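Worksheet: one structure, shown below.
Just so we're clear, the structure is a prediction, and the values are computed from it rather than from any experiment. Quick note on labels: first sequence line is chain A, next is B, and so on, each numbered from 1.
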There are 2 protein chains.
Amino acid sequence: MTRSDEEAVSRFVERFAAEMTEAGMQRMAARVFAALLASENASLTSAELAEQLVISPAAVSGAIRYLTQVGMVAREREPGTRRERYVLHNEIWYETFTRRDQILTRWEKVLREGADTLGPDTAAGARTAETADFFAFLQDEMTSMLDRWRERKEARGAQS
Amino acid sequence: MTRSDEEAVSRFVERFAAEMTEAGMQRMAARVFAALLASENASLTSAELAEQLVISPAAVSGAIRYLTQVGMVAREREPGTRRERYVLHNEIWYETFTRRDQILTRWEKVLREGADTLGPDTAAGARTAETADFFAFLQDEMTSMLDRWRERKEARGAQS
DNA sequence: CGCTCATTTCACAAACTTGTGAAGTTAAGG
DNA sequence: CCTTAACTTCACAAGTTTGTGAAATGAGCG
């Protein structure tokens with residue numbers, strides 16, 4: 001891989017990280033995630049990440065803590081060394097969106113309670129109940145959508 | 001509506017706003033949005049918002065600027081007064097998720113370019129291309145999902 | 001036309017976030 | 001067990017964001 005290839009990859013990493021950051025993800029977590037995505041084995045060591053992204057070990061540590069907490073990355077101890085490897089889960093999107101589902105459940109619950117408070121005889125209550133309905137609907141759809149994606153993957157014999 | 005009802009509504013507004021904030025929305029925008037959702041006509045004036053949320057007119061102005069920019073709220077001049085009303089769009093979720101679709105398109109494009117840079121013969125390239133596929137798939141599913149929601153609404157003769 | 005009230009803009013203070021260097025902790029390997 | 005490499009935690013400086021008060025803008029209404 002030439003010098004300029006590396007630069008092109010780095011540009012991609014930064015660009016994709018920027019998109020994720022804009023969507024609300026922590027900056028360092030997004031950069032680490034993107035670097036892992038673009039790495040040959042979907043895995044890098046702390047030192048590799050620090051070097052590639054030009055950040056301190058502390059920043060890597062913080063980003064990894066976040067990414068493991070939300071279940072996007074796993075830690076693996078390299079056997080025979082004292083080095084740790086961070087690995088992208090290989091059904092990343094499936095898992096990430098499944099988790100998002102739990103957020104929708106919480107939203108729905110809050111909205112349902114709000115609708116009760118406002119009362120079914122008020123426009124506000126009806127509107128809030130309908131919003132709760134929408135999120136319930138979303139949860140359902142999400143589940144079947146992910147099933148369809150998984151099927152499609154299996155048909156093609158690939159990972160996700 | 002009694003004093004304690006008002007308090008209960010306010011608690012709901014704050015709770016739902018907190019959920020949205022956690023998901024990445026600006027705090028004031030989330031609070032204003034939640035207040036509008038819980039208001040009888042899905043609309044409030046600047047003064048009403050400022051009073052209810054105990055914030056300055058400047059904060060209301062900023063939140064409304066954001067909400068109108070992302071298309072979640074419309075401004076309406078009350079005829080016969082110099083007061084402005086801010087109104088929730090009534091197909092809010094439909095519209096909001098349609099907009100989100102455009103973000104997915106951008107992500108897909110960045111990922112597609114990344115896959116090209118990495119090359120189709122590398123694991124990283126294949127993985128990135130598959131991620132792009134996932135987002136393309138999502139866009140598709142999103143569209144048909146929203147169609148189904150709209151149908152369902154129409155069947156019940158309600159708004160969203 | 002000019003007054004007045006509603007909204008917006010602006011400069012700033014406070015609070016929060018981010019990333020770092022350095023010290024602390026842990027565990028592999030002698 | 002002691003050394004040392006690898007990671008984590010911590011305190012802090014820098015940078016950003018947030019919400020405010022006050023001044024500016026603008027639009028109804030007389």
Side-chain angles (χ1 to χ4, degrees), chain A residues 10 13-14 17-36 39 41 43-70 72-88, chain B residues 10 13-14 17-36 39 41 43-70 72-88:
Chain A
S10 161
V13 167
E14 294 306 326
E19 291 287 346
M20 290 190 289
T21 302
E22 207 172 331
M25 194 175 190
Q26 299 175 4
R27 207 176 95 92
M28 285 294 139
R31 294 181 72 206
V32 165
F33 179 83
L36 287 171
S39 69
N41 297 109
S43 84
L44 293 168
T45 64
S46 176
E48 286 166 346
L49 283 164
E51 197 211 320
Q52 206 187 307
L53 301 173
V54 196
I55 55 179
S56 69
V60 174
S61 175
I64 292 293
R65 182 177 26 191
Y66 172 82
L67 289 170
T68 51
Q69 250 166 26
V70 303
M72 295 176 85
V73 161
R75 330 163 84 93
E76 274 181 14
R77 177 68 61 153
E78 287 199 311
T81 86
R82 62 189 64 169
R83 207 163 248 150
E84 215 149 23
R85 290 198 85 70
Y86 305 120
V87 189
L88 232 53
Chain B
S10 161
V13 166
E14 294 306 327
E19 291 287 346
M20 289 190 289
T21 302
E22 207 172 331
M25 194 174 189
Q26 300 175 5
R27 209 174 93 92
M28 284 297 139
R31 294 181 72 205
V32 165
F33 178 83
L36 287 171
S39 69
N41 296 109
S43 84
L44 294 168
T45 65
S46 177
E48 286 165 347
L49 283 164
E51 196 210 320
Q52 205 186 307
L53 301 173
V54 195
I55 55 181
S56 68
V60 174
S61 174
I64 292 293
R65 181 178 27 192
Y66 172 80
L67 289 170
T68 51
Q69 252 166 25
V70 303
M72 293 175 88
V73 161
R75 328 164 85 92
E76 273 181 14
R77 178 68 61 157
E78 287 200 309
T81 87
R82 62 191 63 172
R83 206 163 249 152
E84 212 148 26
R85 288 198 88 69
Y86 306 120
V87 189
L88 231 53

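Under a 3.5 Å cut-off, the side chain of B:R83 and the backbone N or O of B:T45 do not form any donor-acceptor pair. Remark: the backbone N or O of A:A17 is paired with a side-chain donor or acceptor of A:T21 at under 3.5 angstrom.
Expressed to the nearest 0.5 Å, how far CG of A:L44 lies from CG of A:L88 amounts to 9.5 Å. In this structure, the separation between OG on A:S61 and CD1 on A:I55 is 10.5 Å, given to the nearest 0.5 Å.
The footprint of chain B on DNA chain D, defined by a heavy-atom cutoff below 4.0 Å, extends from D:dG19 to D:dC29.
A salt bridge links B:R85 with B:E78: the closest approach of a Lys/Arg side-chain nitrogen to an acidic carboxylate oxygen falls below 4.0 angstrom.
No engagement by B:Q26 is indicated, since no non-hydrogen atom pair under 4.0 Å with the nucleic acid exists. When heavy atoms are screened at a 4.0 angstrom cut-off, B:T81 is found touching the sugar-phosphate backbone but no base atom.
Rounding to whole angstrom units, CZ of residue A:R77 and P of C:dT26 are separated by 13 Å. The CE atom of A:M28 sits 12 Å away from the C1' atom of C:dT17 (whole-angstrom rounding). Atom CZ in B:R27 sits roughly 16 Å away from atom C1' in C:dT17 (whole-Å rounding). Distance, B:E84 CD to C:dA6 P: 12 Å, rounded to whole Å.
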List the steps and the verdict of side-chain contact (heavy atoms from CB on, under 4.5 Å) for A:E51 and A:V60.
CA-CA 10 Å; A:E51 197 211 320; A:V60 174; over 6 Å; no

Can you list the steps and then say if A:Y66 with A:M25 is a side-chain contact (heavy atoms from CB on, under 4.5 Å)?
CA-CA 10 Å; A:Y66 172 82; A:M25 194 175 190; 4.3 Å; yes

Derivation and outcome, side-chain contact (heavy atoms from CB on, under 4.5 Å), residues A:L36 and A:M72:
CA-CA 11 Å; A:L36 287 171; A:M72 295 176 85; over 6 Å; no

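You'll find the side chain of A:V73 stays beyond 4.5 Å of the side chain of A:V87, heavy atoms only.
You'll find a donor-acceptor pair under 3.5 Å spanning the side chain of B:R82 and the base of C:dT4, going by distance alone.
Distances shorter than 4.0 Å separate none of the side-chain N or O atoms of B:R83 from OP1 or OP2 on C:dC5.
Less than 4.0 Å separates DNA chain C from at least one heavy atom of each of the following residues of residues 55-68 of chain A: A:I55, A:S56, A:A58, A:A59.
Remark on DNA chain C: of its neighbouring residues A:G80 and B:R75, the 5'-side contact belongs to B:R75, judged by nearest-heavy-atom nucleotide.
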